[in-house]
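Contents: one structure, followed by commentary.
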2 protein chains.
Amino acid sequence: MNRSRAIKEFKEIIKKSGLKYTPQREKIFRVILSTKGHFEIEDLVHRIRSKNIDVSRATVYRTLDILKKLGFVNEVIKFKNKTIYEVALKEHHDHLICRKCGKIIEFHSDEIEQLQNKICEEYQFKPEFHRLEIFGLCKDCQ
Amino acid sequence: MNRSRAIKEFKEIIKKSGLKYTPQREKIFRVILSTKGHFEIEDLVHRIRSKNIDVSRATVYRTLDILKKLGFVNEVIKFKNKTIYEVALKEHHDHLICRKCGKIIEFHSDEIEQLQNKICEEYQFKPEFHRLEIFGLCKDCQ
DNA sequence: TTAACTGCAAACCGTTTGCACGCAT
DNA sequence: ATGCGTGCAAACGGTTTGCAGTTAA
């Protein structure tokens, strides 16, 4: 999905949810869309500050919460007490996380997804979403 | 592994690591071993308090850190800014987490593990440990 | 008009840390 | 003897919240 399409959809969905479409929310979402890969909220706040966009920290936190609930971002992991997010516009994937340099590599495996579904059936568990993180050393850090 | 065997091993390994085997550390480890399933540190502190064991909160945190480094406990997930641990005496497994009632169901799949290894090879990534969490609704909450 | 939203600063809460004293080795 | 470990209380840092003023609908 491209950027302007995403913003349009954000606007529609936010209104459909009975929420207000404010300049702050759009600005925050735009900055997030210009992010490649993963981000944490404090980085987002700093990026916003450096662009002289006047949105308060509190609003950033509150907006992230909405974006998460509406499915525009995913919470990837809590790392050292900070929450790391990603834009949810791409296909589902999982993560290889280098515990030395912190690099995050994305991958996807249909086979693993299928096995997960099989397991959920066994336990009569209704899966909604999942997270698979493999920690270790990347090529460069070994 | 049974409890007294685990404590003995803890004692050996902690000394081998050049650390001191203190009464506090043993007491904390005993309380953890008497835990079934998963726990969070504040619960642990309260359990310890209720048994009139005099160990400070700071020492509990510091000991958990050691236990984690030595592999006696695993950090399962950070949930609502709290860290959830589990005793690492059983075989590796993954988790189905009910987002309504919070129940955690454990499962294991050799097939998934093998696929993970295959993926790591592809990326020349050296895996050390992983976490697979499937969120959804358990049998009772659907 | 009015319910939602925002900015601010203070509060929150899990976790970490500096320091003086204590104890395992 | 000595250096690691402990308890205490204060600090930390990410996140949340109460409130008074503002704004989208």
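Proteins come first, then strands; the chains are lettered A, B, ... in the order of their sequence lines, and each starts at number 1. All values below were derived from every heavy atom in this structure, side-chain atoms included, with hydrogens, water molecules and symmetry-related copies excluded.
The interatomic distance linking A:I66 (CD1) with C:dA4 (P) rounds to 12 Å, in whole Å. Separating the NZ atom of B:K80 from the C1' atom of D:dG14 is a distance of 16 Å, rounded to the nearest angstrom. Here C:dT15 presents its P atom at 7 Å from CD of B:E42, a figure rounded to the nearest Å. When rounded to the nearest whole Å, the span between CG of B:D65 and C1' of D:dT6 equals 16 Å. With rounding to whole Å, B:K82 atom NZ is found 11 Å from C:dC13 atom P. Rounded to whole angstrom, the span from the CD1 atom of A:I14 across to the P atom of C:dC5 amounts to 8 Å. Between the NZ atom of B:K11 and the C1' atom of C:dT25 there is a distance of 12 Å, rounded to whole Å. When the C1' atom of D:dG5 is taken as reference, atom CD1 of B:I28 falls 11 Å away, rounded to whole Å.
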Listed pairs under 3.5 Å, donor-acceptor, residues 11-24 of chain A side chains, sequence neighbours left out:
from  : atom 1 : to    : atom 2 : distance (Å)
A:S17 : OG     : A:I13 : O      : 2.7
A:Y21 : OH     : A:E26 : OE1    : 2.9
A:T22 : OG1    : A:R25 : N      : 3.2

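With sequence neighbours excluded, the residues that form a side chain to side chain contact (heavy atoms under 4.5 Å, CB included) with B:K126 are A:L137, A:Q142. Remark: B:K27 pairs with no residue by the side-chain hydrogen bond (donor to acceptor under 3.5 Å, both in side chains) rule, at least two apart or across chains. Residues that satisfy the side-chain hydrogen bond (donor to acceptor under 3.5 Å, both in side chains) test with B:D140, not counting sequence neighbours, are B:K103. Here A:S109 pairs with nothing under the side-chain hydrogen bond (donor to acceptor under 3.5 Å, both in side chains) rule; sequence neighbours left out. A:Y61 is linked by a side chain to side chain contact (heavy atoms under 4.5 Å, CB included) to A:I41, A:E42, A:R57, counting only residues two or more places apart in sequence or in another chain. By the side-chain hydrogen bond (donor to acceptor under 3.5 Å, both in side chains) test, A:K139 is found to be paired with no residue, residues two or more places apart in sequence or in another chain being considered.
Comparing the helix axis at one end of the helix from C:dT1-D:dA25 to C:dT25-D:dA1 with that at the other, each defined from 5 consecutive pairs, gives an inter-axis angle of 40° (nearest 10°).
Identified under the side-chain hydrogen bond (donor to acceptor under 3.5 Å, both in side chains) test for residues 43-55 of chain B, with sequence neighbours left out: B:T35-B:R47. Pairs of residues two or more places apart, or lying in two chains, never qualify as ring-ring contact (aromatic ring centres under 6.0 Å, His included) while including a residue from residues 101-127 of chain B.
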At under 4.0 Å between heavy atoms, how does the protein contact nucleotides 20-25 of chain D? Give one character per nucleotide, 5' to 3', with B, S or -.
---BBS
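In terms of position along DNA chain D, the nucleotide closest to B:G18 lies nearer the 5' end than the nucleotide closest to the other residue of the pair A:K78 and B:G18.
Residue A:I134 comes nearest to B:C120 through the heavy atom pair CG2-SG, 3.9 Å, listed as atom of the first residue, atom of the second, then distance.
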Quick one: which protein N/O atoms are closer than 3.5 Å to N/O atoms of nucleotides 7-10 of chain D? Pair and distance per line, please.
from  : atom 1 : to    : atom 2 : distance (Å)
D:dG7 : OP1    : B:D54 : O      : 3.2
D:dG7 : OP2    : B:S56 : N      : 3.0
D:dG7 : OP2    : B:S56 : OG     : 2.8
D:dG7 : OP2    : B:T59 : OG1    : 2.4
D:dG7 : N7     : B:R62 : NH2    : 2.9
D:dG7 : O6     : B:R62 : NH2    : 3.3

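Checking each of A:H130, A:R131, A:E128 against B:F135 for a side-chain contact (heavy atoms from CB on, under 4.5 Å) leaves exactly one that passes, namely A:R131.
Close to D:dT15, at under 4.0 Å from its OP1 or OP2, lies a side-chain N or O of A:Y61.
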